[in-house]
Protein chains: 4
Amino acid sequence: MESRQRILDATVEIAGERGYDGTSIAAVSAKCGLPASSIYWHFKDKDDLIAAVIERSFETWLTAVELPAQETGTPLERVLTMAANVARSLVDAPDFLRLGLMLALERRPTEPRGRTVFLQVRDISRQKITEVITALFPALDEAAVDTLATYAIAGADGLFIQREVIGDTVDLVALFELHARLVHDAAFRMAAVAPPRG
Amino acid sequence: MESRQRILDATVEIAGERGYDGTSIAAVSAKCGLPASSIYWHFKDKDDLIAAVIERSFETWLTAVELPAQETGTPLERVLTMAANVARSLVDAPDFLRLGLMLALERRPTEPRGRTVFLQVRDISRQKITEVITALFPALDEAAVDTLATYAIAGADGLFIQREVIGDTVDLVALFELHARLVHDAAFRMAAVAPPRG
Amino acid sequence: MESRQRILDATVEIAGERGYDGTSIAAVSAKCGLPASSIYWHFKDKDDLIAAVIERSFETWLTAVELPAQETGTPLERVLTMAANVARSLVDAPDFLRLGLMLALERRPTEPRGRTVFLQVRDISRQKITEVITALFPALDEAAVDTLATYAIAGADGLFIQREVIGDTVDLVALFELHARLVHDAAFRMAAVAPPRG
Amino acid sequence: MESRQRILDATVEIAGERGYDGTSIAAVSAKCGLPASSIYWHFKDKDDLIAAVIERSFETWLTAVELPAQETGTPLERVLTMAANVARSLVDAPDFLRLGLMLALERRPTEPRGRTVFLQVRDISRQKITEVITALFPALDEAAVDTLATYAIAGADGLFIQREVIGDTVDLVALFELHARLVHDAAFRMAAVAPPRG
DNA sequence: TATGAATGAGACTTCATTCAT
DNA sequence: AATGAATGAAGTCTCATTCAT
């Protein structure tokens, strides 16, 4: 029970730093102090281990982000609060998204299950974003919501990468707020132009 | 001379799909038809090879992007044209950015030279963007230009990733134009608020 | 446990015949019947393996030489007995000294640990010789004892090499006795000339 | 012409430090500045190169030792002068003997030609020593001369090794003189005991 | 007289994984 | 519930050598 967590802790750290191929069972074993064979007692194979890491980190990240989900205020206020929450969660636990993006960028013949899992949980996030946009701007048609959701996620990914690359100088919270504001404005304008649904 | 190119061609393809660790010399050898030992005649080691790939792909990408650099029209028109150019270049030759982002996301104890090179050439691009923003919106102060440049690059990275992940359904050119429009509007508003420089 | 010994047995034989660079892991693997990767379970790397070989062979050799250490008789008798013992031990198990001398003669930028270990155990032997000379000829000053110890070891090394090079025609026991006799005479004369210590 | 010498210079240095297997053509190429293929223009193969090195260093060493070969004085004086000469030559150019001994100690299935050459030139030296002993002590029978020659060479090898291992602290000239004195005394005593020849 | 380019074999080492205990 | 030992495949890289020019 406790060993399983130690293994996952070690793996999230290594895989978050070096990606799928860069994560060797021997390295995980060294970092968590358990022999390699013990890792195979808890996980079917490396693929299973990485997938488990993705699952667990996503759950951790989800609770960190969702807890203070706010339901009142103007659309802009609510969007800004959400953006700040996401930004802070990414600063605190960047391993999830870093590893996920590395997996997502790869294109290998037999796709690691961890990649599939990441794309699935990412889709859940996208679903949430779509719902929020639809709720805040009911006038938007489906295509517009889709475009905005894509753009919203893209900005989040991109800003996260900027921080990973450039370092702490990047004020992630401020940039996420700028991003939220721009998405909000775009949605506002699109909604004004669009004919009401129905 | 010709062999060197064949090796680079093979490597760009494999590394663009599987990242640093996923790129085995044996795979490169198989793809380019030269024995592994010949690769070591042309490149000091794997690190050197990957770095050379980054260098060459960046140059290719640069010429693809820069050739149609336009100098007339309103700021919005010019920004839109640039965005469309970049979008098209990324659709045509995604290997450069895909590999670069994978390298950039990694955090290994001894940094691959390819990563350093990628970050350097990326800085050149950022410089260019900064210059364009300054030229189009002279009223902006340095901090604002910096923020906008960071946001512009972040959007580009993020949208690229969205396309890589979701697939061709994503209309990269359209999204880049939306991105350009939003950055332009933000710059416009910031410049209006800001006191004129000097 | 048992595998470790099989690996060491194979290595001592090969390394004793071909030196550090001439000892390939593949050859050791072939000789001991275990796959190469198993060797790396028992030893960190080739350097570690060679060092372990030196350590074990020295201990084997030490017990072979020391058991019949005699404590009575005239100085000459005692010295002759010791010399004969050493000679016989070198005839029986020449691998230790052969490998050790090969390592000792090398001068590579990063010194193999096996070399360090050999020089250390060699120093232990020198210590023993020094003690014996001091015990048998208390009148000798430190410098004289040092010179005699150096000469005694040099003769042993040199005679061993002669046998290795020329072959069994060389009567190692007889030559070691001649050597012992000459060292004894030299010590005797030096002690007679030297003013008594203290 | 000049290239050949540069190659030999580089090889003697590397081979004198790392032995046969430790001497790679690439390393020699790097040290002498000529491409590997040029080495093969001057020498048939690696074996040929090493053998050439042995031959050349022996000749260099021979002239260094022989030039001041003295023909007058008492036996002891002459022996002492010779010993000092040899000692000095070994201090000045240790590569020859160091490489030679490394080759001599190895026992590989297909003997390097360099080893054969070394043993041959070593035999020439032994011949010289035999002649000198016979000349100085005509009363000795063949077996005694042989024993003394073996012992003389063994001492030289062993003392050389001591210096290589321990370092410059070892006064090679003084130790060679001690060695010469002991060999001389042994010869003197053996000759006194032995019935005159013929 | 020399060398740039190539090459198959083999070097050391790590890989993911299994299995008996 | 866990692990010491093993293993075949594959990893990066160096080896001695060749050959066309």
Side-chain angles (χ1 to χ4, degrees), chain A residues 1-4 6-7 20-30 33-50, chain B residues 1-4 6-7 20-30 33-50, chain C residues 1-4 6-7 20-30 32-50, chain D residues 1-4 7 20-30 33-50:
Chain A
M1 283 283 153
E2 205 233 324
S3 295
R4 196 172 202 274
R6 272 166 64 198
I7 296 169
Y20 190 95
D21 284 303
T23 302
S24 77
I25 299 294
V28 172
S29 156
L34 295 166
S37 46
S38 294
I39 297 175
Y40 280 86
W41 192 87
H42 288 283
F43 302 93
K44 190 171 98 37
D45 54 17
K46 179 173 161 176
D47 219 48
D48 191 35
L49 172 61
I50 300 279
Chain B
M1 284 280 155
E2 205 235 322
S3 295
R4 198 174 199 272
R6 269 165 65 198
I7 295 170
Y20 191 97
D21 283 304
T23 303
S24 80
I25 299 294
V28 173
S29 158
L34 292 166
S37 48
S38 292
I39 297 176
Y40 283 89
W41 196 89
H42 291 281
F43 302 93
K44 195 174 89 48
D45 53 18
K46 183 173 160 175
D47 215 51
D48 192 34
L49 172 60
I50 301 279
Chain C
M1 284 286 154
E2 203 235 323
S3 296
R4 197 172 200 274
R6 269 166 65 198
I7 296 169
Y20 190 97
D21 283 304
T23 302
S24 80
I25 299 294
V28 173
S29 157
C32 73
L34 292 166
S37 48
S38 292
I39 297 175
Y40 282 88
W41 197 89
H42 291 280
F43 303 93
K44 194 174 91 48
D45 54 18
K46 184 174 160 175
D47 215 51
D48 191 34
L49 172 60
I50 301 280
Chain D
M1 284 287 152
E2 203 232 325
S3 296
R4 195 172 202 274
I7 295 169
Y20 189 95
D21 284 305
T23 302
S24 78
I25 300 294
V28 172
S29 157
L34 294 167
S37 47
S38 294
I39 297 175
Y40 280 86
W41 192 87
H42 289 282
F43 303 92
K44 191 171 99 34
D45 55 17
K46 182 173 160 177
D47 220 48
D48 192 33
L49 172 60
I50 301 278

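Chain letters run A, B, ... following the sequence lines, proteins first and then strands; every chain starts at 1.
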- prompt: For C:D47 and B:A36, take the nucleotide of DNA chain E holding the closest heavy atom to each; which residue's nucleotide lies nearer the 5' end?
  reply: B:A36
- line: Here the gap from D:I7 atom CD1 to D:E2 atom CD, rounded to the nearest 0.5 Å, amounts to 10.5 Å
- prompt: To the nearest Å, how far apart are B:E2 CD and E:dG4 P?
  reply: 19 Å
statement: With the side chain defined as heavy atoms from C-beta on, C:D45 is closest, among E:dT13, E:dA2, E:dA6, to E:dT13
query: Base, sugar-phosphate, or nothing for D:S29, non-hydrogen atoms under 4.0 angstrom?
result: nothing
task: Please name the pair of heavy atoms, one in B:S29 and one in B:A36, separated by the smallest distance, quoted to 0.1 Å.
output: OG-N, 3.5 Å
message: Could you report the tightest heavy-atom contact between C:S3 and C:H42, atom names first, then the distance?
response: CB-NE2, 3.7 Å
field: Atom-to-atom span, CD1 of A:I25 to C1' of E:dT18 - whole angstrom
entry: 13 Å
query: So which nucleotide does E:dA20 pair with, by the Watson-Crick or G-U wobble rule with both distances under 3.5 Å?
result: F:dT3
- prompt: Rounded to whole angstroms, how far apart are NZ on D:K44 and C1' on F:dA16?
  reply: 12 Å
query: Is the shortest side-chain N/O distance from A:S38 to OP1 or OP2 of F:dT3 below 4.0 Å?
result: yes
- request: Tell which nucleotide pairs with E:dA11, taking only Watson-Crick or G-U wobble pairs whose two distances are both under 3.5 angstrom.
  value: F:dT12
statement: With the side chain defined as heavy atoms from C-beta on, A:W41 is closest, among E:dG8, F:dA2, E:dT3, to F:dA2
query: Any chance the side chains of B:D21 and A:Y20 put a donor and an acceptor closer than 3.5 Å?
result: no
- request: Give the rounded distance in Å between these two atoms: CZ of D:F43 and P of F:dT18.
  value: 16 Å
field: Phosphate-side-chain proximity, C:H42 and F:dA5, N/O vs OP1/OP2 below 4.0 Å
entry: no
query: Could you state the interatomic distance from NZ (B:K46) to OH (B:Y40), rounded to the nearest 0.5 Å?
result: 8.0 Å
- prompt: Once you round it to whole Å, what is the distance between P of F:dT17 and NZ of D:K46?
  reply: 8 Å
message: Between C1' on F:dA9 and CG on A:D21, what's the gap in Å once rounded to a whole number?
response: 15 Å
message: On the nucleotide E:dA6, are OP1 or OP2 found under 4.0 Å from the side-chain N or O atoms that B:S3 carries?
response: yes
task: Quickly work out the A:I50 CD1 to E:dA16 C1' distance and round it to whole Å.
output: 12 Å
- request: Give the nucleotide from the list E:dT3, F:dT3, F:dG11 with an atom nearest to the side chain of D:L34.
  value: E:dT3
task: Give a yes/no answer on whether the side chain of C:S37 brings an N or O atom under 4.0 Å of OP1 or OP2 in F:dA6.
output: no
F:dG11 base / B:S24 side chain donor-acceptor hit below 3.5 Å: no
message: Pick the closest DNA chain E nucleotide for C:Y40 and for B:I39 by heavy atoms, then say which residue is nearer the 5' end.
response: B:I39
task: Check the pair D:I25, D:L49 against side-chain contact (heavy atoms from CB on, under 4.5 Å), reporting the backbone distance first and the verdict last.
output: CA-CA 10 Å; D:I25 300 294; D:L49 172 60; 4.3 Å; yes
For atom CZ of A:R4 and atom C1' of F:dA2, their distance in whole Å: 15 Å
